[in-house]
Every structure is written in C-alpha cells, then in structure tokens.
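In this chain, residues are counted from 1 in sequence order.
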Amino acid sequence: MAKIGIAMDLGTSGFRGQAIDLGRGNEIISTAITTRHPLPGANVMDHLHFAVEMGVEISQQIIVSAVNRVIE
C-alpha cells in the first residue's frame, strides 16, 4: 500500500497543496492551488482585519474549508 503525504503551504496570496508518494523517493504526485486567498482582502493586513472584525471562528472555518478543497 502506498504511503501518501500532503504538504500544505498556507501563503499570503493563496494556498498550495502537494500529494507526495513517500514510498517512491518523495515523488510529487499532484499539485493543487487556490486561485486567490480564501479570506477577503489583498494582503496579510486585510486578512487579519477580516479575522478581527468577523471573528476567529469564521476565519478558521473558511481556512479549513479551503484546505479541505485543496486536499480533495
């Protein structure tokens, strides 16, 4: 059975995920990216402002949902 790892980069402009075959020399199987950051705004300060104004719980739900979509 193949051992698959997932590497996630939660960046300032979007998210990137890579599926990696850990049994074959860490070969990258596939890459998925978001076309923009899931939180509203154009930069880190906008994302933080959204989290403060709307609440950490809502921000976390949005981020977890985006990560799940990248993994799928």
Quick one, [X] and [Y] - any side-chain contact, counting heavy atoms below 4.5 Å?
X: Phe15; Y: Arg69; result: no
X: Asp21; Y: Lys3; result: no
X: Ile33; Y: Val70; result: no

Any chance you could measure [X], atom [atom1], to [Y], atom [atom2], to the nearest 0.5 Å?
X: Leu22; Y: Ile29; atom1: CG; atom2: CD1; answer: 8.0 Å
X: Thr31; Y: Asp9; atom1: OG1; atom2: CG; answer: 11.5 Å
X: Ile58; Y: Glu53; atom1: CD1; atom2: CD; answer: 11.5 Å
X: Asn43; Y: Leu48; atom1: CG; atom2: CG; answer: 9.0 Å
X: Met45; Y: His49; atom1: CE; atom2: NE2; answer: 9.5 Å
X: Thr12; Y: Leu10; atom1: OG1; atom2: CG; answer: 11.0 Å

Quick one: do Glu27 and Arg24 make a salt bridge, cutoff under 4.0 Å? yes
Any sub-3.5 Å donor-acceptor pair from His37's side-chain atoms to Ala42's backbone N or O? no
For the backbone of Gly55 and the side chain of Ser59, can you confirm whether one donor and one acceptor N or O come within less than 3.5 Å of each other? yes
When every non-hydrogen atom of Ala19 is compared with those of Ile4, the smallest separation belongs to CB-CG2, 4.4 Å
Answer yes if Ile62 and Met54 sit in the same cluster of Ile, Leu, Val, Met, Phe, Trp and Tyr residues linked by side chain heavy atoms under 4.5 Å apart, and no otherwise. yes
